[in-house]
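Quick caveat, the model's predicted, so the values are computed rather than measured.
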Amino acid sequence: MSGFDDNPFGEPIVDNPFADPSIQAATRNSTNPQQTLDDYDPFSSEANQQRTQNNFGQPATLQPSTQAVPAYSPSGAQYNNNAAPGASSPAAMTQISTAELQRRQDELEKKAQELERREAELMNSANASRPNNWPPLPSFCPVQPCFYHDINIDIPTEFQKIVQNLYYLWMFYTLVMVANILGGLVILIHSTDFRIFGLGIFYAVLFTPASFLCWYRPAYKAFKSDSSFNFMMFFFIFFFQTLVTIIQTIGFPGSGTCGVITSISLFSDGGIGILVGIFVLAIALGYGSCAAGNIFMLSKIHAIYRSGSETNRITMDKARQEFQSGFFGNQIVRDAAAGAARATVQSQFNQNSVY
């Protein structure tokens, strides 16, 4: 109760909060113009103004700039650092797109030029007969080419590959027959057997042009003009060609080919006969490859043609009509028939005049 007056009925005494000794000491320090270092505030407005006046004599002001601010454009390094991994810059994307468009345009121009060339060749062939170019013989040779052969022009695009493979098969068969002559020569030197060498030359001279004329050329013309007659001729002859090639692969005694049986008989001789047998066996494998290729091409061409429409499938009536139109439409046949008719009429007239 020490904080209260003992006389409750006397004059009221107001408790002055500023009478505290610590508050009075702080008040005396703030009113003192000489401030201590602890009381100095360097960031006050009065201190800043006084420091500016002492250095420059006037307050510092910021002058507005009239220079235009350039537009911000990120550099390539900044773009690559900020872009996602694997992303390309717009300039690179533009360059790639331009190069791709240029490449496609060049390809289209080349295709257009190729089409124009083929169209011009087709028009020239329609207006005038194309010169024969097969077999490719030099100009000084007395024998001139007999056929015109160009798969890229005569054959439709979807059949060019299979006709080209058939042409390669014919060339491989010719090469094997030439190797058969060499095998016959080796056998002649080893065992003085002249049959294989003589028959090998005969087969090469006979089958090389016959195979080209009898089955490759009909297939070429069949794909060129979608001729049922030529397709039937190809299937018929090529089937027997496959049988002949299988017989040549086996190499029966007296067949005149270096087949498997001939090579086995040479192995039994021993010595140098083993080397000769290996060479003959390689030729027999060549004949076997030709037989396998013949079977494959026969089945493939038959499947391609049979997969066409019903009107394009092979029929005897259609083939007979094509043969008749082609045979009687030939100028040589018509001239021969007209000459025979004139001769018959003339002889009949002479007999009537005599009587």
_Residues forming a side-chain contact (heavy atoms from CB on, under 4.5 Å) with Pro136, sequence neighbours excluded_ = Trp134
*Under 3.5 Å, is there a donor-acceptor pair between the side chain of Thr208 and the main chain of Val205?*
no
_Among residues at least two apart in sequence or on other chains, which ones pass side-chain hydrogen bond (donor to acceptor under 3.5 Å, both in side chains) with Arg103?_
Glu100, Glu107
*Which pairs pass salt bridge (charged side-chain N to carboxylate O under 4.0 Å, His left out) with one or both residues in residues 231-252, sequence neighbours excluded?*
none
_Looking at every non-hydrogen atom in both residues, tell me the closest pair between Asp154 and Lys224 and how far apart they are._
O-CG, 3.5 Å
*At their closest point, which heavy atom of Leu213 faces which heavy atom of Pro218, and how far apart are they?*
O-CD, 3.2 Å
*Give every residue pair that meets the salt bridge (charged side-chain N to carboxylate O under 4.0 Å, His left out) criterion with at least one member in residues 233-259, sequence neighbours excluded.*
none
*Side-chain contact test, heavy atoms from C-beta onward, threshold under 4.5 Å: evaluate it for Gln102 versus Thr98 and give yes or no.*
no
*asked:* Taking Tyr220 as the starting point, is it possible to reach Tyr167 by hopping between hydrophobic residues whose side chains are less than 4.5 Å apart?
replied: yes
*Can Leu166 and Ile301 be said to form a side chain to side chain contact (heavy atoms under 4.5 Å, CB included), step by step?*
CA-CA 10 Å; Leu166 193 65; Ile301 293 176; 4.2 Å; yes
*Under the side chain to side chain contact (heavy atoms under 4.5 Å, CB included) rule, what do Asp226 and Phe159 come out as? Steps first, then yes or no, please.*
CA-CA 11 Å; Asp226 193 15; Phe159 302 129; over 6 Å; no
*Under the side-chain contact (heavy atoms from CB on, under 4.5 Å) rule, collect the residues that match up with Ser255, sequence neighbours excluded.*
Phe252, Thr257
*Are Phe235 and Ile237 co-members of a hydrophobic cluster defined by side-chain heavy atoms under 4.5 Å apart?*
yes
Residues 172-191 side chain polar contacts: donor-acceptor under 3.5 Å, at least two apart:
{"unit_1": "Tyr173", "atom_1": "OH", "unit_2": "Gln248", "atom_2": "OE1", "d": "3.2"}
{"unit_1": "Thr174", "atom_1": "OG1", "unit_2": "Trp170", "atom_2": "O", "d": "3.0"}
{"unit_1": "Asn180", "atom_1": "OD1", "unit_2": "Cys258", "atom_2": "N", "d": "2.9"}
{"unit_1": "Ser191", "atom_1": "OG", "unit_2": "Ile187", "atom_2": "O", "d": "3.0"}

*Over all heavy atoms of both residues, which pair between Val280 and Gly259 is shortest? Give the atoms and the distance, please.*
CG1-O, 3.8 Å
_Nearest heavy atoms of Ala222 and Asn230, plus distance in Å_ = CB-CB, 3.7 Å
*Can you sort out the partners of Gln164 under side-chain contact (heavy atoms from CB on, under 4.5 Å), two or more places apart, ordered by chain and number?*
Ile151, Tyr168
*Could you tell me the separation between the CG atom of Asp106 and the CG atom of Leu101, rounded to the nearest 0.5 Å?*
11.0 Å
*In the hydrophobic cluster built from side-chain contacts under 4.5 Å, what are the other members alongside Phe140?*
none
_Path from Ile162 to Phe239 over hydrophobic side-chain contacts below 4.5 Å_ = yes
*Mind checking ring pair (Phe, Tyr, Trp, His ring centres under 6.0 Å) for Phe238 and listing every partner two or more places apart, or none if nothing turns up?*
Trp215, Phe234
*asked:* What verdict does the side chain to side chain contact (heavy atoms under 4.5 Å, CB included) test give for Ile272 and Leu275, after you've listed the backbone C-alpha separation in whole Å, the side-chain angles of each residue and the deciding distance to 0.1 Å?
replied: CA-CA 5 Å; Ile272 194 68; Leu275 298 177; 3.7 Å; yes
*How many angstroms lie between CE in Met233 and NZ in Lys221, if you round to the nearest 0.5 Å?*
7.0 Å
*If every non-hydrogen atom of Gly277 is compared with every non-hydrogen atom of Ser263, which pair is closest and at what distance?*
O-CB, 3.5 Å
*Is the backbone N or O of Gly288 less than 3.5 Å from a side-chain atom of Thr249, with the two atoms forming a donor-acceptor pair by type?*
yes
*Counterpart residues, side-chain contact (heavy atoms from CB on, under 4.5 Å), relative to Gln144 (two or more places apart)*: none
*Distance, nearest 0.5 Å, that separates OG of Ser299 from CG of Asn294*: 10.5 Å
*Write down the atom of Ile155, the atom of Val163, and the distance for their closest heavy-atom approach.*
CG2-CG2, 3.9 Å
*Flag yes if more than 12 heavy atoms outside Phe202 fall under 6.0 Å of its CZ atom; otherwise flag no.*
no
*asked:* With rounding to the nearest 0.5 angstrom, report the OH to CG distance, Tyr148 to Asn133.
replied: 6.0 Å
*Gap between atom CG of Leu285 and atom OG of Ser289 - 0.5 Å precision*: 6.5 Å
*Can you list the residues that meet the ring pair (Phe, Tyr, Trp, His ring centres under 6.0 Å) rule with Phe240, with sequence neighbours excluded?*
Phe236
*Cluster question for you: counting only ILVMFWY and a side-chain heavy-atom cut-off of under 4.5 Å, with indirect links fine, are Met171 and Phe212 together?*
yes
*asked:* Are Ile261 and Tyr203 connected into the same hydrophobic cluster when the rule is that any two of I, L, V, M, F, W, Y join if their side-chain heavy atoms are below 4.5 Å apart?
replied: no
*Relative to the ring of Phe231, is the ring of Phe223 parallel (under 30°), tilted (30 to 60°) or perpendicular (over 60°)?*
perpendicular
_Selection residues 272-300 - residue pairs positive for ring pair (Phe, Tyr, Trp, His ring centres under 6.0 Å), sequence neighbours left out_ = none
*Is it true that atom CZ of Phe267 has more than 12 heavy atoms of other residues, nucleotides or ligands lying nearer than 6.0 Å?*
yes
